[in-house]
Amino acid sequence: HQAWMKFKIRLSGALAHAPHFNTLAEARQAFQQVSDTMIAVTRAFTPLDQPIYVQHCPMADNGTGADWLSVDREIRNPYFGQAMLTCGEVTLTID
């Protein structure tokens with residue numbers, strides 16, 4: 001319970017201002033925080049009976065790189081959409 005509460009606080013903080021985002025860049029920044037937290041949640045609890053893939057785009061976040069979760073191994077980059085839909089790689093499989 002305490003582990004989940006820490007994750008819940010992080011998620012709430014990342015999404016607190018979502019209704020007021022004015023740009024796609026603001027939404028992507030919050031998505032990155034949510035993704036990082038959800039990766040930690042998934043590693044802690046392994047919630048599904050199928051593999052979950054941690055995927056990474058090296059160009060996101062101004063070249064620093066960013067991760068996200070997917071139930072599909074195929075890359076569908078949420079940071080760049082159609083412009084770079086397949087940019088990225090699977091860096092971890094959570095079973």
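The residues of the chain are indexed from 1 along the displayed sequence. The figures here come from the full heavy-atom set of this structure, side chains too, leaving out hydrogens, waters and symmetry mates.
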| note | Taken in chain and number order and not counting sequence neighbours, the residues that satisfy side-chain contact (heavy atoms from CB on, under 4.5 Å) with Thr93 are Pro51, Tyr53, Arg73, Val90, Asp95
| task | Consider only side-chain heavy atoms of I, L, V, M, F, W and Y, link residues closer than 4.5 Å, and tell whether Ile39 and Trp4 are in one cluster. | result | yes
| remark: Contacts satisfying side chain to side chain donor-acceptor pair (under 3.5 Å) that involve residues 57-70 (not counting sequence neighbours) are Gln32-Asp61, Gln55-Trp68, His56-Asp67
| query | Is the number of heavy atoms from other residues, nucleotides or ligands under 6.0 Å of Gln33 CD greater than 12? | reply | yes
| From Arg10 CZ over to Lys6 NZ, what is the distance, rounded to the nearest 0.5 angstrom? | 10.0 Å
| So which heavy atom on Pro58 is nearest to which on Gly88, and how close? | CD-CA, 4.4 Å
| ILVMFWY network linking Leu92 to Ile75, side-chain heavy atoms under 4.5 angstrom | no
| request: May I ask whether Met38 and Leu48 are part of the same hydrophobic cluster, defined by side-chain heavy atoms of I, L, V, M, F, W, Y residues being less than 4.5 angstrom apart, directly or through others? | output: yes
Hey, can you pull the donor-acceptor pairs under 3.5 Å for the side chains in residues 11-23, sequence neighbours left out?
from  : atom 1 : to    : atom 2 : distance (Å)
Ser12 : OG     : Lys8  : O      : 3.0
Thr23 : OG1    : Glu26 : N      : 3.1

| remark: Applying side chain to side chain donor-acceptor pair (under 3.5 Å) to Asn77 and not counting sequence neighbours gives none
| query | So if you build clusters from Ile, Leu, Val, Met, Phe, Trp, Tyr with side-chain heavy-atom gaps below 4.5 Å, do Val34 and Phe45 land together? | reply | yes
| task | Can you sort out the partners of Phe31 under ring pair (Phe, Tyr, Trp, His ring centres under 6.0 Å), two or more places apart, ordered by chain and number? | result | Tyr79
| Thr42: what forms a side-chain contact (heavy atoms from CB on, under 4.5 Å) with it, not counting sequence neighbours? | Pro47, Ile52, Leu69, Ile94
| note | Tightest non-hydrogen contact, residues Met59 and Cys87, listed as SD-SG, 4.1 Å
| request: Tell me whether Val71 is reachable from Val41 by hopping between hydrophobic residues (I, L, V, M, F, W, Y) whose side-chain heavy atoms are closer than 4.5 Å. | output: yes
